[in-house]
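Structure first, commentary second.
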There are 2 protein chains.
Amino acid sequence: MTAMIPTVPTPSGPGRKRPTIRDVAREAGVSYATVSRVLNGREWVSPEAVRSVREAISRTGYTANPHARSLATGKSGSIAFLLTEPQHLLFEDPNFSVLLRGVAQALSDRELTLILMIASTPEERTRTVAYLSGGHVDGVLLVSPHSGDPLLSQLVRAEVPIVACGRVLGYEQVISSVMADDRNGGRSAVEHLIAAGCQRIATITGPQDTAGGVDRLQGYHDALIAHGLTIEPGRIVHGDWSRESGAAAMRTLLDQSPDLDAVFAASDAMAAGALRVLREAGRDVPGEVRVVGFDDSGLAATTEPPLTTVRHPLDRVSEEMVRLLTDVIAGRTPLSITVPTTLVVRASSPA
Amino acid sequence: MTAMIPTVPTPSGPGRKRPTIRDVAREAGVSYATVSRVLNGREWVSPEAVRSVREAISRTGYTANPHARSLATGKSGSIAFLLTEPQHLLFEDPNFSVLLRGVAQALSDRELTLILMIASTPEERTRTVAYLSGGHVDGVLLVSPHSGDPLLSQLVRAEVPIVACGRVLGYEQVISSVMADDRNGGRSAVEHLIAAGCQRIATITGPQDTAGGVDRLQGYHDALIAHGLTIEPGRIVHGDWSRESGAAAMRTLLDQSPDLDAVFAASDAMAAGALRVLREAGRDVPGEVRVVGFDDSGLAATTEPPLTTVRHPLDRVSEEMVRLLTDVIAGRTPLSITVPTTLVVRASSPA
DNA sequence: TCAATACCTGTAACCGGTCACAGGCTCCTG
DNA sequence: CAGGAGCCTGTGACCGGTTACAGGTATTGA
């Protein structure tokens, strides 16, 4: 009769189950608690037990179920990289990519997983806050936060560990951050222009609700004041970091103060936009107008002429962000870290 | 005596526990199974039960523990976006960012989490394979895979659901993919040049171990043959998609066949590199040499002159990749999807 | 010789969900 | 009025780990 039973598809096919810690234990002839100890490097396990467990693991091809582990430990082993800029700005900015690369590397080194979240629209923001507050991740890395963003207060209230890239205005005491020394960077850029003999220096700023936007402008102020130059409101125009906004700002500047002899743009992208407008207006760079950018992004070396700029050490920043976040998760009190910048001189404003 | 007991810090502070499904059940006066049913929209739950569970949820601020859910269901709810290019190529390419944005959006719409993995170095690749095979993710989106990559065979052997961006040469039957119609796109680009009267058309190709590299070159062949033009080996030079490789290829081309009157580059980045070299060589674009790129990346509109290019519809591609991956996870057999391209005419080769 | 100690191991509870199953209730039908 | 169908709910097993605790053995010290 048994011959009539149709052949059952062997469960060893595609649907075969992954070995569990119990399988390994049976294979190694120990209890599953011992396997767990070996897995986690606990002390007081006999050398033989360690060896036989190791062998059993490689024989069975066992890998721990991450979800079971997370459930038991309460740690997810993953970190969210959260972008909140309107999406059209996000990916134009080469800084973003570099930062992302650095963070991915730093997390990978620590065996942490990088979860990328983009919260541009209001619905996305709501969903994101729920997700991040819901224990899916151990911490959040925040890119270019704007101080008025309600998302910030919600995350703070939910007590999610956060490290921001750039000081978060108004949250200095509760959100840790890592940032370039924007103020001194801006100052060094403008002092470079002054040293070259420029007297009528304009600036295209970043958004004034971001620390980078404010600080780089402050550096501009610092340099002018330190050298006895007056600050002309007509020489200060605000941009949003993007190339397009830089071009628009440059048009405004040429209109408001046509006699300018230098421009300090708070981002390379804005500087690139400004260069284009200057060329269209027939102003020679650097002959008639010198231009300095900020970031030393990939863009800077390929503009025409190549940009003198302030190097934003994003590799350092990303590494520090991850290091700081692990500290914050471990219970460290909020802290701000600043990394130094350096001036990179190219043809748009030679030495 | 009780007065001598020191005040214990209230456990309702930062360390308070999140409510569980049992808490909600107690609050709502039902069993936890009923709460689970409401959570998952199961049928046959009384309206009153639904209502009181809903209220209890909002009263307690309950959110489900994702790890517990994953453990019970065996689904992680997350998808890996895997990059395997050497890192220096990765982030120069604007396509990458656009694709990433699109994928993030498409996954978010389906309540799936995007895990970003970068596997450039051998160690990273090993770790990545282990991770992906270990059940952390439900599926993998693969960007610009090279056919010889051992990572591919390992993932295939581990039976991880995969969808690639671009056909994977040699794996067509086992790895699903989504790609632009590169061959017809390349053909249309070259036919545009022929229609403009060009006779000596060169091409800068992508890597010949990627489908995009091969197919775009094939399109070049197709067009030349269809119009009775001969294929000169000296007019075909290989690049790696990057701007720098485009510049190098252009120098080779000017050297090998100085009489060329048009260049079709298989990426906008390479086209941009070629433009720069042509300008340095004093060749007028489009007067003496016409240039067409591929991708219609952000770059294309901002080169000097702006690039005529083949639009690579990455928004469609990303959406299709995610759609296809969910199908593959659900057990669908491998499948390749092609999305059409369109020619975008700009100043580097006007109509 | 006996107890204390160090070292090693196993049992069982627990993390917080999902889901199969059993069972109760109501209503309809023969 | 018995019994089946449809609707709703609760119990308990289970997913695969971690870890507190208890217990066993070998070594040491009094």
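A note on names: the letters A, B, ... follow the listed sequences, proteins ahead of strands, and every chain is numbered from 1.
For A/Asn65, the listed nucleotide lying nearest its side chain is D/dG17; candidates were D/dG17, D/dT18, C/dG17. Comparing C/dC19, C/dG17, D/dG17 against the side chain of B/Arg42 picks out C/dC19 as the nearest.
Distances shorter than 4.0 Å separate none of the side-chain N or O atoms of B/Thr34 from OP1 or OP2 on D/dC8.
A 4.5 Å side-chain heavy-atom check between A/Leu324 and A/Ile337 finds at least one atom pair inside the cut-off. Residues A/Leu83 and A/Leu116 have side chains in contact (heavy-atom distance under 4.5 Å, counting atoms from C-beta outward).
Put simply, the side chain of B/Arg69 and the base of C/dG16 share no donor and acceptor less than 3.5 Å apart. Residue-to-nucleotide contacts include a donor-acceptor pair under 3.5 Å from the side chain of B/Tyr32 to the base of D/dG12.
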Could you list all N or O pairs between the protein and nucleotides 4-8 of chain C that sit under 3.5 Å apart?
unit_1: C/dC7; atom_1: OP2; unit_2: A/Trp44; atom_2: NE1; d: 3.3

Apply the test side-chain contact (heavy atoms from CB on, under 4.5 Å) to residues A/Val328 and A/Leu335: give CA-CA distance (whole Å), side-chain angles for both, the deciding distance (0.1 Å), then the verdict. CA-CA 9 Å; A/Val328 171; A/Leu335 178 68; over 6 Å; no
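Residue-to-nucleotide proximity on DNA chain D shows that, of B/Arg37 and B/Thr73, the 5′-proximal contact is made by B/Arg37.
We find that CG of B/Leu39 is positioned 11 Å from C1' of C/dT18, with the value rounded to whole Å. Here C/dT11 presents its P atom at 13 Å from CZ of A/Arg26, a figure rounded to the nearest Å. When the P atom of C/dT18 is taken as reference, atom CG of B/Leu71 falls 11 Å away, rounded to whole Å. Between the C1' atom of C/dA20 and the CG atom of B/Asn40 lies a distance of 15 Å, rounded to the nearest Å.
For B/Ala164 against B/Met321, the heavy-atom pair with the smallest separation is C-CE, 3.8 Å.
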